[in-house]
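Just so you know, these numbers use all the heavy atoms, side chains as well, and skip hydrogens, waters and symmetry mates. Note that the structure is a prediction, hence the values are computed from the model and not measured.
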Amino acid sequence: MQNEITNASVNNVLSFAGHWQWYDICLNDINCEMLQQLQEQFPIMEEWISVIPKIGENYMSVRFPNGVDAVIFGTLPYSIKDEVTDSGYMDRLHFFVQSNILVTINLDQNTREIMATEERTAMLHQCQHAVEGMFVLTRTLLHYFHLGLDLFEVNLREIERAMEMNNERNLMDKILSSRFVLLYWSNMFTPFEEFLAASKEGYLDKLEKSRSFMQLVHRMERMDRAFRHYENEIDTLIAIDDAVSAFRGNEIMKTLTILTAIFTPATVVGAIWGMNFDNLPAIKTPWGFIGVMLGTFLFSGGMYWWMHRKGWTGDLLSVKTKNSKI
């Protein structure tokens, strides 16, 4: 390990047993002269270096300079934070890979320390080509996705328990927030899938015996299954909330319809006996008010009895239990 370039805050050149080198560079200014020096040292990186300042999100490219040997370069977005607090913030790793050279720009310090551990160093020494070293580094970056998804799962389980115990109105906001968090991690995962596809395109069947490549493939398959599982789970929660909301709405409308029908006789009686006429039946007799009220109650009770006999009321007017999920 040696420090060679002064205007880069960190510049480590690491050599491994497989006769390949890793240039780990950290730049304070992505447009600094360091890129020009790097291009002069490795002219094959001209296209990659010219693209770096223009990259907004992610970038991936496969080239065959001599028509046979592949060169892969691009940008991988990732986040070292477990919890999403700002969807606009993410780290970006710029990388360039050819047969015996791996160049990375602006790898975060936490990942750099992980790659320096005995476990990761041993893996890197087992790699026969620089691209295999990139596979080891990519697996390390995906570890942050696992940490983020673990926290995401904890929050999702809390929402499920809240929906089971008391399906409150603000649960949909929490479900949608979880959906956006999952979308954030899923969007960052897509460039890693592109890198895997680019590696297959560049090296074809040469990767079948690569241990680091197969480990990366299996880890990405695990994560892809996790994303699909969580997506289905959130879709199920949304479907349950929609079903409960629809059921509640139908129940309310049915109840209002029943109450309206029951009190229709009272409405009719009130409308008739509320008219400004002197010669209304029983309006001036002592028993008039009692008779009208008694007739009203009889009509209303008869209406309810008739609807109940038809089976139209069901349990709509009964009191719900405390353990009701609806």
Novice: Which residues pass the ring-ring contact (aromatic ring centres under 6.0 Å, His included) test with Tyr203, not counting sequence neighbours?
Specialist: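 Tyr203 satisfies ring-ring contact (aromatic ring centres under 6.0 Å, His included) with no other residue.
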
Novice: Just to verify, what does Phe297 make a ring-ring contact (aromatic ring centres under 6.0 Å, His included) with, not counting sequence neighbours?
Specialist: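 Phe297: no ring-ring contact (aromatic ring centres under 6.0 Å, His included) contacts found.
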
Novice: Measure across Glu132 and Ser210 and return the closest heavy-atom pair with its distance rounded to 0.1 Å.
Specialist: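 Nearest heavy atoms, Glu132 then Ser210: OE2-OG, 2.8 Å.
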
Novice: Of the non-hydrogen atoms in Met60 and Ala198, which two are nearest, and what is the gap between them?
Specialist: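 Heavy atoms only, the tightest pair is CG-CB, 4.1 Å.
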
Novice: The criterion is salt bridge (charged side-chain N to carboxylate O under 4.0 Å, His left out); which residues satisfy it with Arg228, sequence neighbours excluded?
Specialist: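 With neighbours one apart ignored, the set is Asp224.
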
Novice: Under 30°, 30 to 60°, or over 60°: which ring-plane class applies to Trp48 and Phe96, parallel, tilted or perpendicular?
Specialist: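 Aromatic pair Trp48/Phe96 classed tilted.
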
Novice: Evaluate the side-chain proximity of Asp241 to Leu237: yes if any heavy-atom separation is below 4.5 Å, no if none is.
Specialist: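 In short, these two side chains do not touch, never coming nearer than 4.5 Å.
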
Novice: Should Leu142 and Leu216 count as side-chain neighbours, where that means a heavy-atom distance under 4.5 Å?
Specialist: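 They are in contact (side-chain heavy atoms under 4.5 Å apart), so the answer is yes.
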
Novice: Write down the atom of Met223, the atom of Phe145, and the distance for their closest heavy-atom approach.
Specialist: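 For Met223 and Phe145, the tightest heavy-atom pair comes out as CE-CB, 2.9 Å.
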
Novice: Can a side-chain donor-acceptor contact be found between Thr111 and Tyr144 if the only test is distance below 3.5 angstrom?
Specialist: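 Judged by distance alone, the side chains do pair up.
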
Novice: Identify the two heavy atoms, one from Gly202 and one from Val62, that lie closest to each other, and give their separation to 0.1 Å.
Specialist: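 So the two residues come closest at CA-CG1, 4.1 Å.
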
Novice: Does Arg63 have any salt bridge (charged side-chain N to carboxylate O under 4.0 Å, His left out) partners at least two apart in sequence or in another chain, and if so, which?
Specialist: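 Partners of Arg63 by the salt bridge (charged side-chain N to carboxylate O under 4.0 Å, His left out) criterion, ordered by chain and then number, come out as Glu47.
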
Novice: Could you tell me whether Arg157 and Glu233 make a salt bridge, using a distance below 4.0 angstrom between a side-chain N and a carboxylate O?
Specialist: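 The answer is yes: the pair qualifies as a salt bridge.
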
Novice: With heavy-atom distances below 4.5 Å as the criterion, would you say the side chains of Trp20 and Ile101 are in contact?
Specialist: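 No, their side chains stay 4.5 Å or more apart.
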
Novice: Is it the case that over 12 heavy atoms from other parts of the model lie below 6.0 angstrom from the NE2 atom of His146?
Specialist: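 Count over threshold, so yes.
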
Novice: Which of these passes side chain to side chain contact (heavy atoms under 4.5 Å, CB included) with Ser212: Val136, Val217, Val131?
Specialist: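 The residue from Val136, Val217, Val131 that satisfies side chain to side chain contact (heavy atoms under 4.5 Å, CB included) with Ser212 turns out to be Val136.
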
Novice: Quick check: are there more than 12 heavy atoms from other residues, nucleotides or ligands sitting under 6.0 Å from CZ of Phe263?
Specialist: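 For Phe263, atom CZ is not crowded (no more than 12 foreign heavy atoms under 6.0 Å).
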
Novice: Once you round to the nearest 0.5 Å, how far does OG of Ser178 lie from CD1 of Ile159?
Specialist: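 Result: 3.0 Å between the selected atoms.
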
Novice: What orientation do Phe192 and Phe189 show, parallel under 30°, tilted 30 to 60°, or perpendicular over 60°?
Specialist: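 Correct class here is parallel.
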
Novice: Could you tabulate the donor-acceptor pairs under 3.5 Å formed by side-chain atoms of residues 114-127, not counting sequence neighbours?
Specialist:
from, atom 1, to, atom 2, distance (Å)
Thr117, OG1, Ile114, O, 2.6
Arg120, NE, Thr140, OG1, 2.9
Thr121, OG1, Thr117, O, 2.8
His125, ND1, Ala17, N, 3.2

Novice: About how many Å separate CD of Glu113 and CG of Leu107, when rounded to the nearest 0.5 Å?
Specialist: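 Going from the CG atom of Leu107 to the CD atom of Glu113 covers 10.5 Å.
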
Novice: Pair Phe152, Leu182 - check side chain to side chain contact (heavy atoms under 4.5 Å, CB included), show working.
Specialist: CA-CA 8 Å; Phe152 169 81; Leu182 185 62; 3.9 Å; yes

Novice: To the nearest 0.5 angstrom, please state how far the CD1 atom of Ile49 sits from the NE2 atom of His94.
Specialist: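 So the gap between those two atoms works out to 12.0 Å.
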
Novice: Output, in order, the C-alpha distance, side-chain angles, deciding distance and verdict of side chain to side chain contact (heavy atoms under 4.5 Å, CB included) for Ser61 and Ile72.
Specialist: CA-CA 6 Å; Ser61 181; Ile72 304 177; over 6 Å; no

Novice: Yes or no on side-chain hydrogen bond (donor to acceptor under 3.5 Å, both in side chains) for Asn66 and Asp69, after CA distance, side-chain angles and deciding distance?
Specialist: CA-CA 6 Å; Asn66 60 1; Asp69 298 323; 2.9 Å; yes

Novice: About how many Å separate OG of Ser79 and CE of Met188, when rounded to the nearest 0.5 Å?
Specialist: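 Reported value, rounded in 0.5 Å steps: 5.0 Å.
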
Novice: Could you check whether any side-chain heavy atom of Leu149 comes within less than 4.5 Å of a side-chain heavy atom of Val154, counting everything from C-beta outward?
Specialist: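 Counting from C-beta outward, Leu149 and Val154 never come under 4.5 Å.
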
Novice: Hey, does Gln215 have a side-chain heavy atom less than 4.5 Å from the side chain of Arg219?
Specialist: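 Answer no - side chains too far apart.
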
Novice: What's the shortest heavy-atom distance between Tyr78 and Ile80, and which atoms?
Specialist: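 Taking Tyr78 first and Ile80 second, the nearest heavy atoms are CE1-CG2, 3.8 Å.
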
Novice: Scan Phe95, Phe213, Tyr59 and name whichever one has a ring pair (Phe, Tyr, Trp, His ring centres under 6.0 Å) with Phe195.
Specialist: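 So, applying the ring pair (Phe, Tyr, Trp, His ring centres under 6.0 Å) to Phe195 and each of Phe95, Phe213, Tyr59, only Phe95 qualifies.
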
Novice: What distance do Ile44 atom CD1 and Phe73 atom CZ have between them, rounded to the nearest 0.5 Å?
Specialist: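 Between atom CD1 of Ile44 and atom CZ of Phe73 there are 9.5 Å.
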
Novice: For Phe299, is the CZ atom crowded, meaning more than 12 foreign heavy atoms sit under 6.0 Å from it?
Specialist: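 Not buried by this count: 12 neighbours or fewer within 6.0 Å.
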
Novice: Can you find a heavy atom in the side chain of Arg179 that is under 4.5 Å from one in the side chain of Glu231?
Specialist: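 Contact flag for Arg179/Glu231 side chains = yes.
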
Novice: Return the minimal non-hydrogen interatomic distance between Asn100 and His19, and the atom names on each side.
Specialist: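 Closest approach of Asn100 to His19: CB-O, 3.9 Å.
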
Novice: Show your working on side chain to side chain contact (heavy atoms under 4.5 Å, CB included) between Cys26 and Ile105 and close with a plain yes or no.
Specialist: CA-CA 5 Å; Cys26 183; Ile105 296 179; over 6 Å; no

Novice: Are Ile175 and Leu183 linked, directly or through other ILVMFWY residues, by side chains that come within less than 4.5 angstrom of each other?
Specialist: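 Per the 4.5 Å side-chain linkage, Ile175 and Leu183 are not co-clustered.
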
Novice: Nearest 0.5 Å, please: how far is NZ in Lys254 from CG in Leu259?
Specialist: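 The CG atom of Leu259 sits 14.0 Å away from the NZ atom of Lys254.
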
Novice: Are the side chains of Leu137 and Thr104 in touch, meaning some heavy atoms are under 4.5 Å apart?
Specialist: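 Leu137 vs Thr104: side chains touch.
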
Novice: Starting from Leu298 and following side-chain heavy-atom contacts under 4.5 Å between hydrophobic residues (I, L, V, M, F, W, Y), which residues can be reached?
Specialist: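 Members besides Leu298, by chain and number: Leu294.
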
Novice: What verdict does the side chain to side chain contact (heavy atoms under 4.5 Å, CB included) test give for Gln21 and Leu102, after you've listed the backbone C-alpha separation in whole Å, the side-chain angles of each residue and the deciding distance to 0.1 Å?
Specialist: CA-CA 6 Å; Gln21 290 182 317; Leu102 168 62; over 6 Å; no

Novice: Going by heavy atoms in the side chains, are Val71 and Pro65 under 4.5 Å from each other?
Specialist: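 In contact.
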
